[in-house]
Amino acid sequence: QVQLVESGGGLVQPGGSLRLSCVASRSAARIEAMGWYRQAPGKQRELVATISRDGYTNYADSVKGRFTISTDNTESTEYLQMNNLKPEDTAVYYCNAYTRLGTFWGQGTQVTVSS
């Protein structure tokens with residue numbers, strides 16, 4: 001019921017920055033929270049950051065101080081500002097949205113951090 005479209009992934013050198021965006025379609029179900037997850041080859045999908053309707057944010061320890069999650073005023077779009085990127089940040093990044101009808105996922109965008 002919620003369609004998520006991601007953009008902003010790409011190739012960046014260590015120490016560089018990227019900004020990911022995720023646009024949620026208008027839905028009858030209220031979005032309670034949005035978040036970003038990532039999955040590296042051979043590893044399980046892990047939480048990167050989440051933001052709730054009341055503005056509460058949560059970050060994985062590995063990205064604290066480097067990544068920032070935010071939403072627009074209507075909370076229909078979320079962003080992930082990624083600074084000081086490291087090679088270990090290389091992964092497919094997935095946007096998601098939490099509603100009372102379920103959790104919805106985007107198709108993912110590749111982020112590669114390499115020299």
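Rounding to the nearest 0.5 Å places CD of E46 at 5.5 Å from OG of S62. Note that CD1 of I31 is 11.0 Å distant from OG1 of T103, once rounded to the nearest 0.5 Å. Rounding to the nearest 0.5 Å places OG1 of T50 at 9.0 Å from OH of Y59. For the atom pair CE (M34) and CD1 (I51), the distance works out to 9.5 Å, reported to the nearest 0.5 Å. Atom CG in L20 sits 8.0 Å away from atom CD in E6 (nearest 0.5 Å). To the nearest 0.5 Å, atoms CH2 (W105) and CG (L4) are separated by 10.0 Å.
Two residues are said to be in side-chain contact when any heavy atoms from C-beta on lie closer than 4.5 Å; Y37 and N96 meet this criterion. Counting only heavy atoms from C-beta outward, the side chains of L11 and S114 approach each other to under 4.5 Å. Inter-residue side-chain proximity for Q81 and S17 is flagged as met; some heavy-atom pair is nearer than 4.5 Å. Annotation: side chain of L18 is in contact with side chain of L85 (closest heavy-atom distance under 4.5 Å). Inter-residue side-chain proximity for V48 and L80 is flagged as met; some heavy-atom pair is nearer than 4.5 Å. With contacts defined as side-chain heavy-atom distances shorter than 4.5 Å, the pair T77/T71 does not qualify.
A donor-acceptor contact shorter than 3.5 Å links the side chain of E78 to the backbone of G35. Here the side chain of R100 pairs no donor or acceptor atom with the backbone of R30 at under 3.5 angstrom.
Here the closest heavy-atom approach between residue V2 and residue A97 is recorded as CG1-CB, 4.4 Å.
Every pair passing disulfide bond (SG atoms under 2.5 Å apart) that includes a residue from residues 84-115 is listed here, sequence neighbours excluded: C22-C95.
Ring centroids of W36 and F67 are separated by 6.0 Å or more, keeping the two rings apart.
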Table please: side-chain donor-acceptor pairs of residues 87-94 below 3.5 Å, with sequence neighbours left out.
{"from": "D89", "atom 1": "OD1", "to": "R38", "atom 2": "NH1", "distance (Å)": "2.9"}
{"from": "D89", "atom 1": "OD1", "to": "R66", "atom 2": "NH2", "distance (Å)": "3.0"}
{"from": "D89", "atom 1": "OD2", "to": "R66", "atom 2": "NH1", "distance (Å)": "2.8"}
{"from": "D89", "atom 1": "OD2", "to": "R66", "atom 2": "NH2", "distance (Å)": "3.4"}
{"from": "D89", "atom 1": "OD2", "to": "K86", "atom 2": "N", "distance (Å)": "2.8"}
{"from": "T90", "atom 1": "OG1", "to": "P87", "atom 2": "O", "distance (Å)": "2.9"}
{"from": "T90", "atom 1": "OG1", "to": "V113", "atom 2": "N", "distance (Å)": "2.9"}
{"from": "T90", "atom 1": "OG1", "to": "V113", "atom 2": "O", "distance (Å)": "3.4"}
{"from": "Y93", "atom 1": "OH", "to": "R38", "atom 2": "NH1", "distance (Å)": "2.9"}
{"from": "Y93", "atom 1": "OH", "to": "D89", "atom 2": "O", "distance (Å)": "2.7"}

